[in-house]
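Each remark here refers to the structure printed beneath this line.
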Amino acid sequence: MRALAELGKRASVDPAVVLRLEVLDDIDFNSGGSASELLQTKHHLGETEKVTAKSVDFWRTMNVWMDLSLDERPLLRMVTTQIADEDLGLLRPGADRDSPEALRRIVEAASASGNKKSQPWRDRFLQLDAVDQLELVDRIVIDDATPSASGLDSELIQTFRYAVTPGKEKAFLALLKGWWAGIAVRLLDRTLPAVTGNDLAVEVADIVDQLRLDNLPVDPDVRQRFDESITEAYKDRQFVQQLLWVALDRERLWKAIRDYHRSYSQRSFWLRYQLVGEQELDRFAFKLYDEWEQVFDAEVGRALDGGRTAEEVGQEIMSQLARTSRARLRDRFDEPWFNRGMFQALADGELGYRIGWHPDFQSRLEGLLTGATV
């Protein structure tokens with residue numbers, strides 16, 4: 001999430017800025033085709049110890065930066081949750097910055113430290129000539145006392161305050177971080193080479209649009225590639241029994257269960273972030289029930305003269321509703337899987353309505369509830 005916060009800050013100044021992860025450094029920013037800034041991030045929990053010119057964290061970072069070619073001159077930023085001591089504090093941005101004095105103190109600390117772990121890195125630095133030492137230190141910026149992971153939400157809200165609708169901050173962050181989690185994985189496995197400030201701006205605009213009154217966002221977790229393993233958790237549910245009564249094949253059965261799982265997860269997301277209310281869901285359930293009633297009555301009536309089996313009638317009712325359902329929870333929220341999943345929820349008796357697919361589903365359900373064999 002630190003990378004997201006950093007990209008947000010830079011994108012407001014330069015939308016064309018490019019971010020990569022774990023290439024030249026933990027985070028690197030590219031502008032105009034070359035690296036303009038490298039970030040080393042250091043996160044510490046529950047520690048009050050300061051970061052100093054003798055700290056292993058500092059020398060581990062220096063070792064990474066010494067691997068750079070002398071022809072490369074990006075800004076080198078160490079972002080840490082710790083507080084810098086008075087020596088490294090000279091490398092903070094601002095009027096009090098003093099690179100030559102910071103270098104003198106770093107050389108002194110490198111010579112005096114007895115830490116065996118950092119010794120190879122300190123020796124390497126001391127072997128540089130004075131010009132190269134100053135050139136390296138002069139590009140270093142210490143960004144200390146930054147928020148820990150638990151405090152990054154506030155920083156993100158501040159960074160994207162121009163886009164966040166009051167009262168929807170938590171939902172905005174959940175959607176933004178969900179998007180970023182997917183992007184970060186792709187950056188790390190190299191299926192995505194980089195992400196730009198423009199990419200972030202487009203995503204933020206899309207989230208803002210999803211949070212408008214006539215629309216609703218899709219929970220990032222709902223987009224996961226579920227497989228048949230999810231059916232085990234639902235095998236004893238009434239809506240699954242109803243699916244079995246109409247003899248759905250295995251493939252269609254688990255996909256119907258997947259639709260239910262997605263719609264349930266999506267409703268939970270909206271309720272958790274107060275994006276919809278129970279009454280709104282009730283009104284939507286009524287619309288779905290009304291659509292089902294019209295199709296069910298028509299198909300059962302046709303079955304009397306059509307010679308179709310009860311299983312075929314039930315499958316046709318499901319298929320027709322999946323194709324023709326026009327009910328919308330919000331005017332611009334149009335996700336077919338949500339309606340399909342909600343029909344399964346009603347088949348489970350949720351939201352105060354009960355629907356079914358088999359022409360005799362009502363008597364069969366009564367048999368289930370009384371323990372009779374169906």
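Computed from heavy atoms alone, side chains included, the values below leave out hydrogens, waters and symmetry copies. One is the number of the first residue; the rest follow in order along the sequence. From a predicted model like this one, the values you see are computed outputs, not experimental measurements.
- M342 CE to D259 CG: the interatomic distance, rounded to the nearest 0.5 Å, is 12.5 Å.
- Here the two rings, on F296 and W357, have centers that are 6.0 Å apart or farther.
- Between the side chain of Q210 and the backbone N or O of A205, no donor-acceptor pair lies under 3.5 Å.
- The shortest side-chain heavy-atom distance between I106 and L88 falls under the 4.5 Å cut-off.
- The shortest distance between side-chain heavy atoms of L200 and F160 falls below 4.5 Å.
- Proximity of a side-chain donor or acceptor of D360 to a complementary backbone N or O of S363 within less than 3.5 Å is not detected.
- Of the charged side-chain nitrogens involved, none lies within less than 4.0 Å of a carboxylate oxygen, so that R92 and D143 do not count as a salt-bridged pair.
- Inter-residue side-chain proximity for S36 and L75 is flagged as unmet; no heavy-atom pair is nearer than 4.5 Å.
- When the options R77, R20, Q40 are evaluated for a side chain to side chain donor-acceptor pair (under 3.5 Å) with D25, the one that passes is Q40.
- In this structure, the side chains of Q320 and E299 come closer than 4.5 Å at one or more pairs of heavy atoms.
- Counting only distance, with no hydrogens or angles, the side chain of D26 and the backbone of T41 share a donor-acceptor pair below 3.5 Å.
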Mind running side chain to side chain donor-acceptor pair (under 3.5 Å) on Y260 and R340 for me, showing each step along the way?
-> CA-CA 7 Å; Y260 172 86; R340 295 196 304 266; over 6 Å; no
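- Panel note: side chain T165, backbone K168; no donor-acceptor pair is recorded below 3.5 Å.
- Put simply, the side chain of F226 reaches to within 4.5 Å of the side chain of R262, judged on heavy atoms.
- Looking only at distances, a side-chain donor or acceptor of S55 sits under 3.5 Å from a matching main-chain atom of T52.
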Could you walk me through whether D227 and S229 pass the side chain to side chain donor-acceptor pair (under 3.5 Å) test, one step at a time?
-> CA-CA 5 Å; D227 58 35; S229 63; 2.5 Å; yes
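- Residue L176 holds its CG atom at 13.5 Å from CD of E169, rounded to the nearest 0.5 Å.
- Note on ring orientation: taking the six-membered ring where Trp is involved, the planes of F286 and Y353 are tilted (angle from 30° to 60°).
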Which is it for R354 and Q238 under the side chain to side chain donor-acceptor pair (under 3.5 Å) test, yes or no, and what are the steps along the way?
-> CA-CA 11 Å; R354 174 77 69 183; Q238 290 182 22; 2.7 Å; yes
Derivation and outcome, side chain to side chain donor-acceptor pair (under 3.5 Å), residues T191 and D189 | CA-CA 6 Å; T191 56; D189 68 14; 2.7 Å; yes
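- Panel note: side chain D144, backbone A84; a donor-acceptor pair is recorded below 3.5 Å.
- Atom CD of residue Q315 and atom CD of residue E311 lie 8.0 Å apart, to the nearest 0.5 angstrom.
- Checked by atom type and distance alone, the side chain of E291 pairs as donor or acceptor with a backbone atom of R326 at under 3.5 Å.
- Residues V218 and V202 do not share a hydrophobic cluster, clusters being chains of Ile/Leu/Val/Met/Phe/Trp/Tyr side chains in contact below 4.5 Å.
- Counting heavy atoms of neighbouring residues, nucleotides and ligands inside a 6.0 Å radius, atom NZ of K170 does not exceed 12 of them.
- Counting only heavy atoms from C-beta outward, the side chains of D209 and N215 approach each other to under 4.5 Å.
- Within the model, atoms CG of L351 and CG of L288 stand 9.0 Å from one another, a figure rounded to the nearest 0.5 Å.
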I would like to know whether Y264 and Y234 meet ring pair (Phe, Tyr, Trp, His ring centres under 6.0 Å); could you show each step before the answer?
-> CA-CA 12 Å; Y264 181 85; Y234 297 107; 8.0 Å; no
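- Side chain of R97 to main chain of L91: a donor-acceptor pair is present (N/O by atom type, distance under 3.5 Å, no hydrogens or angles).
- Both I157 and L4 belong to a common hydrophobic cluster when Ile, Leu, Val, Met, Phe, Trp and Tyr are linked at side-chain heavy-atom distances under 4.5 angstrom.
- Between R330 and E280 there is a salt bridge, since a side-chain N of the basic residue sits under 4.0 Å from a carboxylate O of the acidic one.
- For the pair R2 and E155, the salt-bridge criterion is met [side-chain N within less than 4.0 Å of a carboxylate O].
- Cation-pi geometry between R364 and W245 is satisfied (NZ or CZ under 6.0 Å from the ring centre, within 45° of the ring normal).
- Tracing side-chain contacts under 4.5 Å through hydrophobic residues (I, L, V, M, F, W, Y), one reaches W179 starting from Y162; they form part of the same cluster.
- Judged by the 6.0 Å and 45° rule, R258 forms a cation-pi pair with W254.
- Cluster annotation: L103 and L126 are assigned to the same hydrophobic cluster (Ile/Leu/Val/Met/Phe/Trp/Tyr, side-chain heavy-atom contacts under 4.5 Å, transitive).
- T196 OG1 to L19 CG: the interatomic distance, rounded to the nearest 0.5 Å, is 10.0 Å.
- Side-chain atoms of D348 never come within 3.5 Å of backbone atoms of E350 as a donor-acceptor pair (strictly under, hydrogens ignored).
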Before giving the answer on ring pair (Phe, Tyr, Trp, His ring centres under 6.0 Å), spell out for F333 and W270 the whole-Å C-alpha distance, their side-chain angles and the decisive distance to 0.1 Å.
-> CA-CA 13 Å; F333 182 77; W270 291 332; 5.1 Å; yes
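- Within the 4.5 Å cutoff, no side-chain heavy atoms of L175 are placed close to those of D219.
- Interatomic distance, NZ of K9 versus CG of L7, reported as 11.5 Å (0.5 Å rounding).
- Residue D96 qualifies as open at atom CG: its count of foreign heavy atoms under 6.0 Å is 12 or below.
- The ring of F343 has its center no closer than 6.0 angstrom to the ring center of Y289.
- Between L128 and Q133, the shortest heavy-atom distance links the atoms O-NE2, 3.4 Å.
- Residues Q344 and L243 meet the side-chain proximity criterion, which asks for heavy atoms closer than 4.5 Å.
- Taking the six-membered ring where tryptophan is involved, the planes of W292 and F361 are perpendicular, since the angle between them exceeds 60° and thus also 30°.
- Ion pairing between K235 and E232 holds under the 4.0 Å rule for side-chain N and carboxylate O.
- In this structure, the side chain of R124 does not engage the main chain of W121 through any donor-acceptor pair within 3.5 Å.
- The cluster map of Ile, Leu, Val, Met, Phe, Trp and Tyr, joined by side-chain heavy atoms under 4.5 Å apart, puts V208 and I183 in the same cluster.
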